[in-house]
Every structure is written in structure tokens, then in C-alpha cells.
Protein chains: 2
Amino acid sequence: MTAQNHPAPGAGGAQACPITPVLDIVFSRWTTPILWTLHQFGRQRFVELNRNVGTITAKVLTQRLRQLERDGLVIRTYHPEVPPRVEYEISELGLTLAPLFATLTTWSTTHLPEVERARTTFDTTHA
Amino acid sequence: MTAQNHPAPGAGGAQACPITPVLDIVFSRWTTPILWTLHQFGRQRFVELNRNVGTITAKVLTQRLRQLERDGLVIRTYHPEVPPRVEYEISELGLTLAPLFATLTTWSTTHLPEVERARTTFDTTHA
DNA sequence: CCGGATCCTGGAAGATACTG
DNA sequence: CAGTATCTTCCAGGATCCGG
């Protein structure tokens, strides 16, 4: 896996692809699996979330959760107990992404096979 | 700018966030600006595209175009002349992404201000 | 239990120079 | 013109240890 960042918003070409700014918010690395897991499993503690998301490291999970919290997509609730307990859940704003994800899923099921076929033909013709 | 890759499809959590596989196809770094530019300006030669996309390097542009071609989203046409001429355009499959981008743009105009506000409040409360 | 601090590494991306 | 090859730089992410 590599890292994925996106072009600087106003840099260079500057004819401003309108969706570029959204990418770092919604499609930064790990953000979609995290949001998906929160949506599927509902409010969860940190460790649960860590398990459910998959191979993500606690450090990275913390980083991404901070970003998501800052962007208002995720709500963090801290319970000052011993031992401390922290819960995460999707915010209202985060839920507005649902139709977007639905569109993505639809496209995936519809056109992903075409991509696969394109790849195999490309690989065979360029062998 | 960093690179952005996404979690390994089946790795770890394995409850399979369904949109993860699409991310590397559609939302790899530079892919959206490239597709956007091709959509806006239509069929273009390599250098034109290089200018229009923005700050991207020729090397990186080549890499991304190869990937997009392999995935069937972009069509590459080579004219064996002197000097050589190569043209790129969006494929039919690539055009099926239009509604997806439309959804993204809609979400952007609708909810991006909320994200901005969330950020400022977060930054002030955590100062 | 949550997450910050630190060190380290693989790979992306920039710069430059070079071919068909 | 349209790439390729090589070298270097830079940073996200993994591992580990520590603290509240």
C-alpha cells in the first residue's frame, strides 16, 4: 500500500477540478473503512473499532479519527473513568455521505467486472 | 503531497467494506484531476494534458495514464508519425463515472461549509 | 484503556538527462 | 514529442515503548 494524497487545490492547472477538495476529507486513506465500520457496527469503543476496521494500527487509527472528528464526520465521547473509556460514532454530517457511498457501491457492482476484463485484455496484449 | 493507497481488500478485518476496491481505481492520486481534465477539454495530446492537469510531472502523468488505460477508463491512441503523436480520451466506461462525480460535487457544495465550520470550532476548542 | 513520542522503512513523487 | 532510466528526497505508516 502506498499513501495517497491529492493535488494541491489551487496549484498548477488551477482550472479547479471541483471534487479535488473533497477527496482529502472523504477519501483519505482508511477513512472509508472507518466510516463504514462505524456505520455498520454503530457506536464503538476504540479497541472494538480497531479490531473491526481490520489491519489498521492504533496510531494510525487515532490519527484518522482525529481528522474525522475535526472535519465533523465523527463524534468522539470521552468518559472520564478508570480505566478511561472512549466511544466513537458517526455524526449527522457523516451520515450525509450515505448516498455517495451508495452511488459508489452501485458503480462497483455494475462496472467492476468491466474493469477486470479491461485489465486482463490489457495485460495479455502487452505481454 | 503524499501518495495515498487504501487498505488491502481482504486483509485483516475482512468484513469487506464494499467500496474499498473501487478507491484504488477511481480515487488513486491524480486520477480524478486527469479524468476531469479529459472530460472538460476532450481528446488531448500528452503535452496538452500535462499542462491542463496542473503541477503533475510527465513521469507521474505517464504512470497514472497507464493505470487508467489498463483499467479501461481512458483510451490511448498512438499515431506513428514523426514526431510521434499520442492522444488520450475518456472511454465509455470512464464516462459512467459521471453520476458519481456529480454526487460528489453536490455533496461538496452542500456540506463543505459544514466541514469548514467544524474545523474552526475544533481548532478553537482544542487551542 | 487510550493515545502520545520516537525511531525506522518502503515506496511515491520530483528533477534531470537521455532515446525512438 | 512522448516517454524511459536513474538518482534523490520526502513522508505515511508500522513497531515499539511510555504515560495519564
Side-chain angles (χ1 to χ4, degrees), chain A residues 1-8 11-13 20 23-25 27-34 38 43-70 74-89 122 126, chain B residues 1-8 11-13 20 23-24 27-34 37-38 43-70 74-89 122 126:
Chain A
M1 303 189 215
T2 63
Q4 169 196 350
N5 290 9
H6 299 102
T20 300
L23 298 184
D24 285 331
I25 298 172
F27 294 110
S28 285
R29 216 201 163 188
W30 289 112
T31 53
T32 16
I34 291 173
L38 284 174
R43 162 186 285 217
Q44 294 158 74
R45 307 187 55 169
F46 183 83
V47 261
E48 297 178 88
L49 189 55
N50 198 3
R51 267 200 317 271
N52 293 328
V53 168
T55 57
I56 193 171
T57 313
K59 183 187 101 178
V60 179
L61 180 58
T62 303
Q63 290 173 348
R64 305 275 76 138
L65 283 173
R66 284 284 178 278
Q67 176 189 336
L68 290 169
E69 187 196 359
R70 192 176 100 100
V74 158
I75 298 176
R76 176 182 184 268
T77 312
Y78 175 75
H79 303 272
E81 310 166 354
V82 274
R85 184 164 58 94
V86 179
E87 288 182 320
Y88 292 92
E89 59 185 322
F122 181 92
H126 291 69
Chain B
M1 296 192 221
T2 64
Q4 167 195 351
N5 293 11
H6 300 101
T20 300
L23 299 183
D24 284 332
F27 295 109
S28 284
R29 213 199 167 187
W30 289 112
T31 51
T32 15
I34 290 174
T37 304
L38 285 175
R43 166 186 282 219
Q44 294 158 75
R45 306 186 56 167
F46 183 82
V47 260
E48 299 177 87
L49 190 56
N50 197 3
R51 267 199 317 270
N52 292 328
V53 167
T55 57
I56 192 171
T57 313
K59 184 185 95 175
V60 178
L61 179 58
T62 304
Q63 290 174 348
R64 304 276 74 137
L65 283 173
R66 283 281 178 282
Q67 177 189 335
L68 289 170
E69 186 196 359
R70 191 175 101 100
V74 158
I75 297 175
R76 177 183 184 268
T77 313
Y78 176 74
H79 303 273
E81 310 166 355
V82 273
R85 186 162 58 94
V86 178
E87 289 182 320
Y88 292 94
E89 61 185 320
F122 181 92
H126 291 69

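Quick caveat, the model's predicted, so the values are computed rather than measured. Each chain gets a letter, A, B and so on, in the order the sequences are listed, and its residues count up from 1.
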Euclidean distance, B:I75 CD1 relative to B:L68 CG, rounded to 0.5 Å
12.0 Å
Separation of A:R64 CZ from A:E69 CD (nearest 0.5 Å):
14.0 Å
Rounded to the nearest Å, what distance is computed from the [atom1] atom of residue [X] to the [atom2] atom of nucleotide [N]?
X: B:Q67; N: C:dG11; atom1: CD; atom2: C1'; answer: 15 Å
X: B:D24; N: C:dG11; atom1: CG; atom2: P; answer: 15 Å
X: A:I56; N: D:dA12; atom1: CD1; atom2: C1'; answer: 12 Å
X: A:R85; N: C:dC2; atom1: CZ; atom2: C1'; answer: 13 Å
X: A:L49; N: C:dC1; atom1: CG; atom2: P; answer: 15 Å
X: B:L61; N: C:dA13; atom1: CG; atom2: P; answer: 12 Å
X: B:Y78; N: D:dG3; atom1: OH; atom2: P; answer: 9 Å
X: A:H126; N: D:dG3; atom1: NE2; atom2: P; answer: 11 Å

Using the side-chain heavy atoms of [X], tell me which of these nucleotides is nearest: [options].
X: B:V86; options: C:dG3, D:dA2, D:dG13; result: D:dA2
X: B:P84; options: C:dG20, D:dG3, D:dG20; result: C:dG20
X: B:F46; options: C:dG4, D:dG3, C:dC2; result: D:dG3
X: A:Y88; options: D:dA15, C:dG14, C:dG3; result: C:dG3
X: A:W30; options: D:dG14, D:dA2, C:dC1; result: D:dG14

Less than 3.5 Å between a donor and an acceptor, one on the side chain of A:K59 and one on the base of D:dG14, is that the case here?
yes
Applying the side-chain hydrogen bond (donor to acceptor under 3.5 Å, both in side chains) criterion to A:E89, which one of A:Q44, A:R43, A:R76 satisfies it?
A:R43
Is there a side-chain polar atom (N or O) of B:T57 under 4.0 Å from OP1 or OP2 of C:dA13?
no
Is B:R64 near enough to C:dA12 that one of its side-chain N or O atoms lies under 4.0 angstrom from OP1 or OP2?
no
A:P83 or A:R66: which one's nearest nucleotide on DNA chain C is closer to the 5' end?
A:P83
Testing the basics here: between B:L65 and B:V74, what is the closest heavy-atom pair and its distance to 0.1 Å?
CD2-CG1, 4.4 Å
Would you confirm whether B:Q67, through its side chain, and B:D24, through its main-chain N or O, come within 3.5 Å as a donor-acceptor pair?
yes
